[in-house]
Amino acid sequence: MIDCNPCDTPVAKGTRLSVHDGVKLDNPTDYRALVGALQYWTVTRPDISFGVNYVSQFMHSPTDLHLQLVKSILGYLKGTIGMGITLLKGSVCSLRAYFDSDWAGFPDTRRSTSGFVVFLGPNMVSWSSKKHPTVSKSSA
C-alpha cells in the first residue's frame with residue numbers, strides 16, 4: 001500500500017455492504033491483522049473510528065469487497081498522515097458536543113449506529129461510535 005493513491009474519505013458514501021457481498025477470502029488472517037492494527041490507530045485518529053468499526057463487523061467471514069474497504073482506509077491514512085489529535089493552548093471556557101446516528105444502517109441486522117464527539121474549548125476530549133444492541137422500529 002506504500003504506492004497507493006490517497007483517498008479523500010476513509011469510507012465512501014453509498015450502499016452498505018452485507019456479510020454476503022463479494023467472494024470470501026482464502027486466508028482471512030491478513031484481513032484480521034490489518035483491521036486489528038487499524039483499531040490501535042483509532043486512539044489518535046478518531047476520524048477513522050467509524051470506518052474501522054464498520055470493517056470490524058466482517059471479521060468472521062471477510063470477502064474481497066470488505067478488503068477493498070480496509071484498503072480505502074489505508075489510502076485515507078496515507079493522504080492524511082500529518083493529521084491526528086492536537087491539543088491547543090487557549091480558552092477552555094466552552095463545552096460543545098455533537099451527536100449523529102443512522103437509522104437501520106447495517107443491511108444484515110437493520111441495527112443503527114450512533115456516535116458522539118465532545119470538545120472542551122478547541123480540543124477534542126471524548127468520542128465514541130457504537131452499533132445499537134436492538135433494532136429500531138422508528139426514527140422518532
Side-chain angles (χ1 to χ4, degrees):
M1 295 294 298
I2 291 173
D3 297 326
C4 74
N5 292 328
C7 295
D8 293 337
T9 59
V11 178
K13 284 184 175 183
T15 307
R16 297 267 183 108
L17 290 178
S18 169
V19 179
H20 309 292
D21 292 339
V23 178
K24 290 189 183 204
L25 298 176
D26 293 333
N27 184 7
T29 306
D30 292 336
Y31 178 89
R32 293 174 182 145
L34 279 171
V35 173
L38 287 172
Q39 287 175 341
Y40 283 104
W41 275 40
T42 61
V43 173
T44 58
R45 295 293 305 265
D47 51 333
I48 65 168
S49 293
F50 175 81
V52 174
N53 181 5
Y54 180 47
V55 297
S56 296
Q57 298 175 34
F58 306 115
M59 294 280 258
H60 63 283
S61 184
T63 68
D64 59 337
L65 297 177
H66 304 141
L67 183 59
Q68 285 301 114
L69 287 173
V70 172
K71 288 181 179 180
S72 73
I73 295 171
L74 293 172
Y76 172 77
L77 287 171
K78 181 181 181 187
T80 58
I81 198 71
M83 293 179 66
I85 294 178
T86 305
L87 298 176
L88 305 171
K89 289 192 316 187
S91 173
V92 291
C93 61
S94 67
L95 181 67
R96 293 175 291 138
Y98 301 95
F99 176 86
D100 195 11
S101 181
D102 69 351
W103 184 64
F106 194 63
D108 293 320
T109 61
R110 305 303 296 158
R111 289 169 41 189
S112 303
T113 305
S114 62
F116 71 86
V117 62
V118 179
F119 289 89
L120 182 59
N123 301 308
M124 182 172 45
V125 293
S126 181
W127 67 91
S128 177
S129 176
K130 180 181 178 182
K131 189 193 297 186
H132 294 202
T134 58
V135 176
S136 300
K137 300 285 185 185
S138 171
S139 61

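Everything quoted here is computed from the prediction, not taken from an experiment. Below, each value reflects all heavy atoms present in this structure, side chains not excepted, and no hydrogens, waters or symmetry copies.
With sequence neighbours excluded, the residues that form a side-chain hydrogen bond (donor to acceptor under 3.5 Å, both in side chains) with T80 are R45. Residues satisfying the side-chain contact (heavy atoms from CB on, under 4.5 Å) test with S114, not counting sequence neighbours, are F99, S101, H132. By the side-chain hydrogen bond (donor to acceptor under 3.5 Å, both in side chains) test, Y31 is found to be paired with no residue, residues two or more places apart in sequence or in another chain being considered. Under the rule for a salt bridge (charged side-chain N to carboxylate O under 4.0 Å, His left out), D100 has no partner lying at least two apart in sequence or in another chain. The side-chain contact (heavy atoms from CB on, under 4.5 Å) test applied to H60 returns V19, not counting sequence neighbours. Residues satisfying the side-chain hydrogen bond (donor to acceptor under 3.5 Å, both in side chains) criterion with N53, sequence neighbours excluded, are absent altogether. Under the side-chain contact (heavy atoms from CB on, under 4.5 Å) criterion, T9 pairs with no residue at all, not counting sequence neighbours. Residues meeting the side-chain contact (heavy atoms from CB on, under 4.5 Å) test with Y40, sequence neighbours left out: none. In terms of the side-chain hydrogen bond (donor to acceptor under 3.5 Å, both in side chains) criterion, Q68 has no residue partners (sequence neighbours excluded).
The closest donor-acceptor contact from the side chain of R96 to the backbone of L120 lies at 3.5 Å or more, if one exists at all. In this structure a side-chain-to-backbone donor-acceptor pair under 3.5 Å is present from S112 to D102.
Counting all heavy atoms, side chain and backbone alike, A97 lies closest to V118 at CB-CG2, 4.1 Å. Contact between V11 and G51 at its shortest, heavy atoms only, is CG2-CA, 3.3 Å. The minimum heavy-atom distance between C7 and S72, with the atom names listed, is SG-O, 3.7 Å. Shortest non-hydrogen contact noted between D47 and P10 is O-CG, 3.7 Å. Taking all atoms of both residues into account, the shortest heavy-atom contact from Y54 to L17 is OH-N, 2.6 Å.
No chain of hydrophobic side-chain contacts below 4.5 Å, direct or via other Ile, Leu, Val, Met, Phe, Trp or Tyr residues, connects L38 to F50.
F119 places none of its side-chain heavy atoms less than 4.5 Å from the side chain of S94.
For residues 17-41, no pair satisfies salt bridge (Lys or Arg N to Asp or Glu O under 4.0 Å), with sequence neighbours left out.
Below 30°, between 30° and 60°, or above 60°: for H66 and F58 the angle between ring planes is below 30°, a parallel geometry.
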